[in-house]
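In the text below, chain A, chain B and the rest are named by the order of the sequence lines, each starting its count at 1.
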There are 2 protein chains.
Amino acid sequence: MMPAKQSSPDFKKSQFPAKNHDHGRCIDDAVAAAEALCARKGLRLTKIRRRVLEMVWQGHNPVGAYELLDRLRDEHKGAAPPTVYRALEFLLDCGLIHRIESLNAYVGCGTPDHLHSGQFLICRHCKRIAELSDDTISETIRSRADRLGFAVQRQTIEILGDCADCRRSQTA
Amino acid sequence: MMPAKQSSPDFKKSQFPAKNHDHGRCIDDAVAAAEALCARKGLRLTKIRRRVLEMVWQGHNPVGAYELLDRLRDEHKGAAPPTVYRALEFLLDCGLIHRIESLNAYVGCGTPDHLHSGQFLICRHCKRIAELSDDTISETIRSRADRLGFAVQRQTIEILGDCADCRRSQTA
DNA sequence: CGAAAAACGTTATATCATAACAATTGGATT
DNA sequence: AATCCAATTGTTATGATATAACGTTTTTCG
Ligand SMILES: [Zn+2]
Ligand SMILES: [Zn+2]
Ligand SMILES: [Zn+2]
Ligand SMILES: [Zn+2]
């Protein structure tokens, strides 16, 4: 018998996903959260926007705009750069995805309930991304900025390194 | 009589420059530090590289590669994108400048003595950048990553907001 | 319905960055 | 000084990311 897939993806609360997690559930949850959020705010999650969101959630890796475009073209003739960039802009504005500045790429947000700048751990090897929401980090930065009279509006925090799984594989 | 310009630019130790600071001194110091660093490490600060470094230090604002290229062309016929990107790569590798990922732009490093990932405050209004070197911030991040088994290799920290000077101007 | 707004289609172009290879230069070694 | 090698620069082309502009279609709502 196969080992049961992890049914409640707790890693969304700040860790890298287990190798065998039920990723279909990640996508479903993300779409469900998006539907709920858009319903609540009176925003329109159109077919294209939903599809781009699903494609961003294809994995826990960041995805480039033109990679999304290629995939979109497979099923949507006439897709062009503005098609995907408009969808990305919408999803960013909603807080459904984040942009990773250091990679020019996009990643789904697992906690889109309130708008926030993300804190990201990015593995150099497997390319997976984990989003943190560590108040200690953001407060440390905020207080340091405060002392200089600087009013923080948005924090871009992207930490590159090696995730636990990849470190184990390397030594093995 | 004119007020004396600030002769020792202490703001290089983590703050925004005073409005009337002697910026010529900033440039001279940066070039002197670069000469020293390259001499110490046996690297060649060629004419182009030095000139690009000076141009990055034209102010405390981040500067784009093609803006540098335009300026370089004024005095160096035959300058092309690779010319400036090669110089930038050299200066980045030496730690003489930093790249601001969220702006696709470059800024001089005031403390190039040891290689480091910078922490930047970026003012939305005046576009000036201040580089912090706050160990509390980097250690907070490192310890949080450690707990997840993540080995930090590089931190990208870019804080967007309003600097003290601009906040004063706005309320006035 | 009919007007207005939002979303989308389409074409062109802006902006940022690198590949590839030839020519030149700088500096060490005879 | 002549030679050689490696580093740097010149040159051309192209790749990768993103937006402008404007017309058409779809949705919303009175
Ligand atoms: Zn998943
Ligand atoms: Zn998020
Ligand atoms: Zn990994
Ligand atoms: Zn300012």
Look at A/Glu67 together with A/Arg71 and state whether they make a salt bridge at an N to O cut-off of under 4.0 Å.
yes
Give a yes/no on whether any side-chain N or O of A/His76 is located under 4.0 angstrom from OP1 or OP2 of C/dC8.
no
In B/S/- notation (B base, S sugar-phosphate only, - none; protein heavy atoms under 4.0 Å), nucleotides 14-20 of chain D written 5' to 3' is ---BBBB
How would you list all residue pairs meeting side-chain hydrogen bond (donor to acceptor under 3.5 Å, both in side chains) that involve residues 74-89 of chain B, not counting sequence neighbours?
B/Arg51-B/Glu75
Given B/Arg144 and A/Asp134, is the salt bridge (Lys or Arg N to Asp or Glu O under 4.0 Å) satisfied, shown in steps?
CA-CA 8 Å; B/Arg144 181 77 173 85; A/Asp134 189 318; 2.6 Å; yes
Would you check if the side chain of A/Arg73 reaches a backbone N or O of A/Ala79 as a donor-acceptor pair within less than 3.5 Å?
yes
Which of parallel (below 30°), tilted (30 to 60°) and perpendicular (above 60°) describes A/His114 and A/His116?
tilted
Separation of [N] [atom2] from [X] [atom1] (nearest whole Å):
| X | N | atom1 | atom2 | result |
| --- | --- | --- | --- | --- |
| B/Leu69 | C/dT15 | CG | P | 13 Å |
| B/Leu92 | C/dA17 | CG | C1' | 13 Å |
| B/Leu88 | D/dT8 | CG | C1' | 15 Å |
| B/Glu75 | D/dT9 | CD | P | 14 Å |

Among residues 31-50 of chain B, which residues get a heavy atom nearer than 4.0 Å to DNA chain C?
B/Arg44
Taking the six-membered ring for Trp and the single ring otherwise, decide whether the centroids of B/Phe120 and B/His98 are under 6.0 Å apart.
yes
When you compare the side chain of A/Leu69 with that of A/Pro81, does any pair of heavy atoms fall below 4.5 Å?
yes
Where do B/Glu158 and B/Ser102 land on the side chain to side chain donor-acceptor pair (under 3.5 Å) test, with the steps shown first?
CA-CA 7 Å; B/Glu158 300 173 5; B/Ser102 58; 2.5 Å; yes
